[in-house]
Amino acid sequence: MKFGIIVFPGSNCDRDVATVTEGIFQQPTRYVWHQETDLGDLDVIVVPGGFSYGDYLRCGAIARFSPAMKTVREEAEKGKLVLGICNGFQVLTEIGLLPGALIRNRDLHFICDRVPVKVENNQSVWTRGYQPQQVLNLPIAHGEGRYYAAEDTLKSLEDNGQILFRYCTATGEANESGNPNGSLNNIAGISNKAGNVLGMMPHPERAADRMLNLTDGSLLFQELINCC
């Protein structure tokens, strides 16, 4: 399986992803500069975290116009696997591959922490390695990670099983006390209706190395490689 990692001016988690895909799982991986448009050789496209274009205007607002993202949208519409992490999730909402938006955190502070995240739907290609309702420990690092969408969009996400991850308490309750940023419905990660596009604010690539004593994110990559 060949991974491609989009790199914008300001990206800072691209190497974190490559350390997992190429270093830990030994999968072919290449960096894709934001001006490239030939992505046909890739099996999985990752839009990583960071501060694309310095987060000017708003997170992901400028990255959406890059030539690479036009091709990413076209490839996703053909069924190619696309993973957006943190800033990558923000970019995927900006280009319309995922519904809703990521806005300022509830308390208007940047959050850098490890938080409990519940696997809400393990029937997706992205989550099938996990148990139903399994609680993961994943890092977050964002200032605009509060998921927001209109009421009808939220209902559609719920009804279609598109919510793959929710913020929760250590014992799995998806309530206000387990919601670090104020995301509606405690949403931490969603897929598109087809299921081939995932956007999530927590960082699975920062929880995939035994040397860090934090490996809850590794199964996302491992099962993706196994099944595809």
Side-chain angles (χ1 to χ4, degrees), residues 13 16 20 48-49 59 83-90 92-93 98-193 195 197-210 212-224:
C13 298
D16 294 354
V20 176
C59 297
L83 170 61
I85 303 170
C86 198
N87 184 234
F89 186 8
Q90 296 162 340
L92 293 184
T93 62
L98 293 172
L102 284 308
I103 62 175
R104 292 288 301 278
N105 294 341
R106 175 184 50 218
D107 297 326
L108 305 182
H109 295 149
F110 187 91
I111 303 172
C112 184
D113 203 352
R114 293 180 181 181
V115 299
V117 177
K118 179 168 63 174
V119 179
E120 188 67 27
N121 177 357
N122 76 329
Q123 300 303 304
S124 164
V125 64
W126 304 100
T127 57
R128 62 183 60 179
Y130 297 104
Q131 296 300 311
Q133 306 300 299
Q134 181 175 347
V135 176
L136 313 177
N137 184 15
L138 297 177
I140 57 172
H142 55 252
E144 297 181 34
R146 184 182 184 187
Y147 184 79
Y148 179 86
E151 190 171 323
D152 58 341
T153 299
L154 291 172
K155 184 178 186 306
S156 178
L157 291 172
E158 298 280 3
D159 292 346
N160 294 327
Q162 291 174 245
I163 300 172
L164 303 192
F165 298 102
R166 289 190 207 270
Y167 300 111
C168 65
T169 64
T171 53
E173 289 81 22
N175 54 30
E176 186 68 17
S177 65
N179 190 334
N181 56 27
S183 289
L184 297 184
N185 293 25
N186 282 55
I187 289 173
I190 62 172
S191 72
N192 62 343
K193 285 186 178 180
V197 178
L198 167 63
M200 58 189 298
M201 288 308 295
H203 287 265
E205 81 284 8
R206 294 183 180 178
D209 191 337
R210 288 188 177 89
L212 301 176
N213 197 30
L214 189 65
T215 59
D216 285 353
S218 62
L219 272 179
L220 185 149
F221 297 96
Q222 180 67 72
E223 291 303 313
L224 189 65

Show your reasoning for whether side chain to side chain contact (heavy atoms under 4.5 Å, CB included) applies to N192 and L92. CA-CA 10 Å; N192 62 343; L92 293 184; over 6 Å; no
What do the steps show when you test R106 against N179 for side chain to side chain contact (heavy atoms under 4.5 Å, CB included), and what is the final call? CA-CA 10 Å; R106 175 184 50 218; N179 190 334; 4.2 Å; yes
Could you go through N87 and Q90, starting from their C-alpha distance and side-chain angles, then the distance that decides it, and tell me whether this counts as side-chain hydrogen bond (donor to acceptor under 3.5 Å, both in side chains)? CA-CA 5 Å; N87 184 234; Q90 296 162 340; 2.8 Å; yes
Residue pair D216, Y130: steps toward the side chain to side chain contact (heavy atoms under 4.5 Å, CB included) verdict: CA-CA 9 Å; D216 285 353; Y130 297 104; 5.5 Å; no
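Between E205 and F221, some side-chain heavy-atom pair lies under the 4.5 Å cut-off. With contacts defined as side-chain heavy-atom distances shorter than 4.5 Å, the pair C13/I85 does not qualify. Side-chain contact between L136 and P202: absent, with no pair of heavy atoms (C-beta onward) separated by less than 4.5 Å. The closest side-chain heavy-atom distance from M201 to Y167 is below 4.5 Å. The side-chain heavy atoms of S218 and R210, taken from C-beta on, include no pair separated by under 4.5 Å. Contact of the C168 side chain with the E173 side chain is not registered, since no non-hydrogen atoms from C-beta on lie closer than 4.5 Å. Residues P99 and Y147 have side chains in contact (heavy-atom distance under 4.5 Å, counting atoms from C-beta outward). Looking only at side-chain heavy atoms (C-beta outward), Y148 and T93 stay at 4.5 Å or farther from each other.
Across all their heavy atoms, T169 and P116 have their closest contact at O-CB, 3.6 Å. Closest approach of N121 and G161 over heavy atoms only: ND2-O, 2.7 Å. When all heavy atoms are compared, the tightest approach of N137 to R114 is OD1-CB, 3.4 Å. Contact record, N181 with N105: CB-OD1, 3.5 Å, taken as the closest heavy-atom pair. Between R206 and D16 the shortest heavy-atom distance is NE-OD2, 3.5 Å. When all heavy atoms are compared, the tightest approach of P204 to L138 is CA-CD2, 4.4 Å.
The line from CD of Q134 to NZ of K118 is 12.5 Å long, rounded to the nearest 0.5 Å. Distance CG/L83 to OG/S191: 12.0 Å, rounded to 0.5 Å. From H142, atom NE2 reaches atom CG of D113 across 10.0 Å, with rounding to the nearest 0.5 Å. One finds the CG atom of L157 at 5.0 Å from the CD1 atom of I190 (value rounded to the nearest 0.5 Å). Interatomic distance, E223 CD to S124 OG, rounded to the nearest 0.5 Å: 12.0 Å. Taking NE2 of H109 as the reference point, atom CZ of R104 lies at 9.0 Å (rounded to 0.5 Å).
For K193, the side-chain hydrogen bond (donor to acceptor under 3.5 Å, both in side chains) test picks out no residue, with sequence neighbours left out. By the salt bridge (Lys or Arg N to Asp or Glu O under 4.0 Å) test, E158 is found to be paired with R166, residues two or more places apart in sequence or in another chain being considered.
Just one of V119, L224, L220, L198 meets the side-chain contact (heavy atoms from CB on, under 4.5 Å) condition when paired with T127; it is V119.
In this structure a side-chain-to-backbone donor-acceptor pair under 3.5 Å is present from W126 to G195. Remark: side-chain polar atoms of N175 are paired, donor with acceptor, to backbone N or O of S177 under 3.5 angstrom.
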